[in-house]
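First comes the structure, then the notes that go with it.
Numbers restart at 1 for each chain; the letters A, B, ... are given by sequence-line order, proteins then strands.
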Amino acid sequence: MSSSSSPAQTPSSRESVTPLIVDSSTPVRTGRAQGDGRGDPLLDGLNPQQREAVEYRGPALLIVAGAGSGKTSVLTRRIAGLLRSREAFPSQILAITFTNKAAAEMRERVGHLVGREADGMWISTFHSACVRILRREAENFGFKSGFTIYDSADSRVLLKRIIKDLDADVLGFTPANAGARISKLKNELGDVDSFARNMNVGDPNEVAFLEIFRRYTRELTAANAFDFDDLISQTVFLFRAFPHIAALYQRRFRHVLVDEYQDTNHAQYSLIRELTRPVPADVVARAGFDTPVRTGDGSIPGASLTVVGDSDQSIYAFRGADIRNIVEFERDFPGATVILLEQNYRSTQNILSAANAVISNNFDRKDKKLWTAVGDGDKIVGYTGYTGHDEAQFVADEIEKLHREGMAYSQMAVFYRTNAQTRALEEIFIRSALPYRVMGGTKFYERAEIKDAMAYLTAVVNPADALAVRRILNTPKRGIGPATETQLQNFADNAETSLREALREADTLGFGPKVAGSIRTLSALLDEATALAAQGEVSDVLTLLVTKSGLVDALRMSRDPQDEARAENIEELVAVTKEYERNNPDGTLVDFLTEVSLVAAADELDDSSGTVSLMTLHTAKGLEFDAVFLTGVEEELLPHKMSANEPGGPAEERRLFYVGITRARKKLHLSLAMSRAQFGETAVAMPSRFLQEIPDDLIEWRQSPGTARSRGGFGPGALNGPRGWKGPNNDRDGGFALPRAEKKVWPNAVTGTVRDNGDLELAAGDRIRHTDFGEGRVLAVTGEGSKRVAHVAFDAAGQKKLLIKIAPIEKL
DNA sequence: CGAGTCCTCGCGAAA
DNA sequence: CGAGGACTCG
């Protein structure tokens, strides 16, 4: 997961490890290290618990790893130990991580320890591992290995059609709620049949849902497609239905390791169970396995299982994560050993004390206290802005200050609860010429034009995929409207063939010459691309499709100014395919599509990019930064208002806050705003209850909720210093129930204003006036053209960077 | 069929 | 405020 900064690897071990192990003249130690392990690179610098976690051998091991306790280090060394001692071949190891990035990092770190040998291991996410298995075994249960993977947006499109078709919207069904319900069922390994058996047949809502679920499933099957949840559950079904196939993997993987175990759902849990099951003697005999790990009775023992997790960091209940998986591990796997890692190597004690204080408010948890030997460190910085922009300005100013003091932008991150909060942050960051990247959110691959281009590729790989064919049918516009689409679909349904095949019948379906011609051209293009895909590179196929289809041209010709950027995005996608070819010389079109389908938000993180990272608290899990800005620490946002009525909701929100806090190595900033724009209007915000759970003396308020309130002209300000603040529930004196009408009363609140300054010329020494910061003097101007940046010392607001082109400034 | 406009609704997190 | 749907007109 994260590149832990534990002393376990910092002093000298990491550098010295590589030559020691790779150098063949060094005797390879077999078996376990003797004595205290001094001199053994795998154990050097580990604390006793970590060491035990690396060395323990047995059927099942649970490592309860607190935040920052060096678990990645432990996990990689554990794997390296298995390989080094020849207890396992690389091919016998399956390690499941939460993101592809974590997988890549783990592979690299094991590689450092044992060399090229690491290449044969399966280190991947649940979803990637399942796709790999499913593609390999697809033919065994009625799928073709070129199946499409539908993301949630694809599922929603499909459900929208179905709900409309069935007029189920009048019963309150929406693509979103039906999709969530289906997802939930699948996470519990439910299917249409099991739902039908257990449903209340007298409930019209359930009857309708059954029909939606049934149609959805049928359409997925017909399209040769799996949704995200299917990837896991279908693999489990496959293993259960075909023990001899399961046995292939049960025999192969002798060591299964699972990271972030607290966030596994029931389907994932079941998958692990299936994989670590012993193979009965009769199955071994029938399969004719020739294997050394057979026991006396002819069976193959179950694989050894190692799971790592921390129930305090369980934040994916909404995705079906079941905390019981980790809590009941010892019961599930009799004979399991549990090792606790509590020493933290990441954060300062002040940060950990805050984290401990917060999380201790959750009941039903085993008490666990993180501690560190590095000392108290700086206090946590608190700030209350008047508005979201104000808060963002604080963040931007602090980031610039830290940067001037020598901290790299890439070592700073801004977290928030909801994606919508990025807007104010981005507006201010752009204006401040601050280099940043938003992780996740509206991702590249979720853009409409990229999904269009990808749909062309999908239609080539999987002609059965009606969703993909439908998407490209009239994109770009080629005169094939809804009526034509319906006719084609009807023909396909009646002839029991696919939409793709129906395209070949354009001439026989009575369309006008223009429409029929369009269809014929499209069909021919798909055929041409299919032929090319058989031997050409992915980028060639994509280029052919996006040019000959007219997709790029249509965007270029459009007068919508945003379409130019969209055309560039498609160019960018072509570049992505070329990059993919370089990295995966043997990669097929299917492989490329799979990879794209399974990229996670955190996968985009590039340490070398030199930018500040913006991300949700969920995406932040497993990462760490020198400086963290946790924004929007307000009631209704964190904890989010939707969580209030959910069982376990508030506790999970607290864990989310806890996860955010524990990402910080040295500097933690907690910020909030007194009012926040949503739905285009301003709403009053109150400080989060979680703030009160942090002892006062750990936070240094630059501007406390109390002072922010008083400066705005409400009530007795002097009394409302940091200590005077009593939290959100104290209405009279410490409260923040501002009247709705009274907004914008803060004279010095920062706004998101921008202005087009054209080619305003500024030079060092010029005096300027800024809408928000008042007057100041230009210190220097850097950059070129539209990226010119003025470094300004404001008389009252301090030093700031401004992007000249858009900053709301005038020359005096 | 398609482009344009008005209108409504929503923002919870994600592989 | 923004996306997406319904509606209208050419």
Side-chain angles (χ1 to χ4, degrees), chain A residues 96-103 124-131 149-157 160 164 169 174-176 179-180 183 186-187 226-232 260 263-265 267-268 314-321 415-424 427 439-443 445-446 448 474-485 511-512 514-515 518 558-560 594-603 615-621 632 636-644 646 649 652-653 655-656 659-660 676-683 752:
Chain A
I96 306 278
T97 58
F98 208 67
T99 63
N100 293 301
K101 179 169 185 285
S124 66
T125 63
F126 270 106
H127 290 86
S128 302
C130 286
V131 169
I149 301 164
Y150 282 0
D151 64 19
S152 358
D154 298 329
S155 298
R156 227 173 301 130
V157 171
K160 193 157 86 188
K164 203 170 163 193
D169 46 344
T174 64
S183 176
K186 289 186 176 181
N187 285 334
F226 291 116
D227 66 22
F228 270 133
D229 302 307
D230 285 334
L231 296 178
I232 314 290
E260 306 285 7
D263 281 323
T264 51
N265 60 35
Q268 291 165 332
S314 166
I315 54 173
Y316 279 103
F318 73 91
R319 211 163 77 180
F415 301 158
Y416 38 81
R417 176 64 175 82
T418 68
N419 282 308
Q421 288 168 253
T422 53
R423 192 177 305 157
E427 283 169 8
M439 321 298 307
T442 315
K443 282 180 298 196
Y445 294 106
E446 287 169 9
N474 201 29
T475 311
K477 301 268 182 279
R478 48 170 75 89
I480 309 176
T484 310
E485 181 192 315
F511 295 125
K514 255 174 75 182
V515 172
S518 290
S558 159
R559 13 182 219 93
D560 182 340
T594 303
E595 189 169 297
V596 168
S597 301
L598 299 180
V599 287
D603 292 342
M615 67 190 82
T616 65
L617 284 163
H618 283 89
T619 303
K621 192 179 68 160
E636 311 233 300
L637 205 51
L638 185 65
H640 196 276
K641 56 171 175 281
M642 307 288 266
S643 70
E646 293 163 3
E652 177 144 320
E653 296 290 304
R655 288 195 293 270
L656 201 48
V659 165
R676 196 167 285 279
Q678 55 177 15
F679 300 135
E681 52 188 47
T682 310

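In this structure, A:E646 and A:E652 have side chains that are not in contact, with every pair of non-hydrogen atoms separated by 4.5 Å or more. For the pair A:D169 and A:K164, the minimum side-chain heavy-atom distance is 4.5 Å or more. The shortest side-chain heavy-atom distance between A:T418 and A:Q421 falls under the 4.5 Å cut-off.
Rounding to whole angstrom units, CG of residue A:N100 and P of B:dA15 are separated by 10 Å. Distance, A:N265 CG to B:dA14 P: 17 Å, rounded to whole Å. Note: CD (A:Q268) to C1' (B:dA14) measures 12 Å, nearest angstrom. A:I232 has its CD1 atom 13 Å from the P atom of B:dA15, to the nearest Å. Regarding A:Y316, its OH atom lies at a distance of 12 Å from the C1' atom of B:dG12, rounded to whole Å. Protein atom OH of A:Y150 is 18 Å distant from nucleotide atom C1' of B:dA15, rounded to whole Å. A straight line from CG of A:D603 to P of B:dA14 spans 13 Å, rounded to a whole angstrom. Taking atom CZ on A:R319 and atom C1' on B:dA13, their separation rounds to 9 Å, with Å as the unit.
By the side chain to side chain contact (heavy atoms under 4.5 Å, CB included) test, A:E485 is found to be paired with A:R161, A:R470, A:L473, residues two or more places apart in sequence or in another chain being considered. Under the side chain to side chain contact (heavy atoms under 4.5 Å, CB included) criterion, A:T616 pairs with A:Y416, A:N419, A:H618, A:T619, not counting sequence neighbours. Not a single salt bridge (Lys or Arg N to Asp or Glu O under 4.0 Å) links A:R478 to another residue, sequence neighbours left out. Residues passing the side chain to side chain contact (heavy atoms under 4.5 Å, CB included) test with A:N187 are A:S183, A:D229, A:N265, sequence neighbours excluded.
Comparing C:dG4 with B:dA13, their C1' atoms sit 22 Å apart, to the nearest whole Å.
The shortest distance between the side-chain N/O atoms of A:N419 and the OP1/OP2 oxygens of B:dG12 is not below 4.0 Å. Look at A:T616 and you'll find a side-chain N or O under 4.0 angstrom from OP1 or OP2 of B:dA14. The phosphate of B:dA15 (OP1 or OP2) has no side-chain N or O of A:S128 nearer than 4.0 angstrom.
With hydrogens and angles ignored, the 3.5 Å screen pairs no side-chain donor or acceptor of A:E636 with any backbone N or O of A:K641.
Residue contacts shown for A:E653 include a base, since a base heavy atom lies under 4.0 Å away. Here A:E646 lies in heavy-atom contact (under 4.0 Å) with a base. Residue A:S597 is classed as having no contact, given no heavy-atom separation below 4.0 Å to the nucleic acid.
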Can you give one letter per nucleotide of nucleotides 1-11 of chain B, 5' to 3': B if a protein heavy atom sits under 4.0 Å from the base, S if only from the sugar-phosphate, - if neither? SSSS-----BB
For side-chain contact (heavy atoms from CB on, under 4.5 Å), just list the numbers for A:L598 and A:L231, CA-CA rounded to whole Å, side-chain angles, deciding distance to a tenth of an Å, and then say yes or no. CA-CA 11 Å; A:L598 299 180; A:L231 296 178; 4.1 Å; yes
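A:F228 and A:H127 have perpendicular rings, their planes meeting at more than 60° on a 0 to 90° scale where under 30° would count as parallel.
Toward the 5' end of DNA chain B, the nearer of the two residues A:D229 and A:S643, judged by each one's closest nucleotide, is A:S643.
B:dA14 has no base stacking with the ring of A:F318 when judged by centroids under 5.5 angstrom apart and an interplanar angle below 30°.
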Any protein N or O atoms within reach of nucleotides 5-7 of chain C? Criterion: under 3.5 Å, listing atom names and distances.
unit_1 : atom_1 : unit_2 : atom_2 : d
C:dG5  : OP1    : A:K160 : NZ     : 2.3

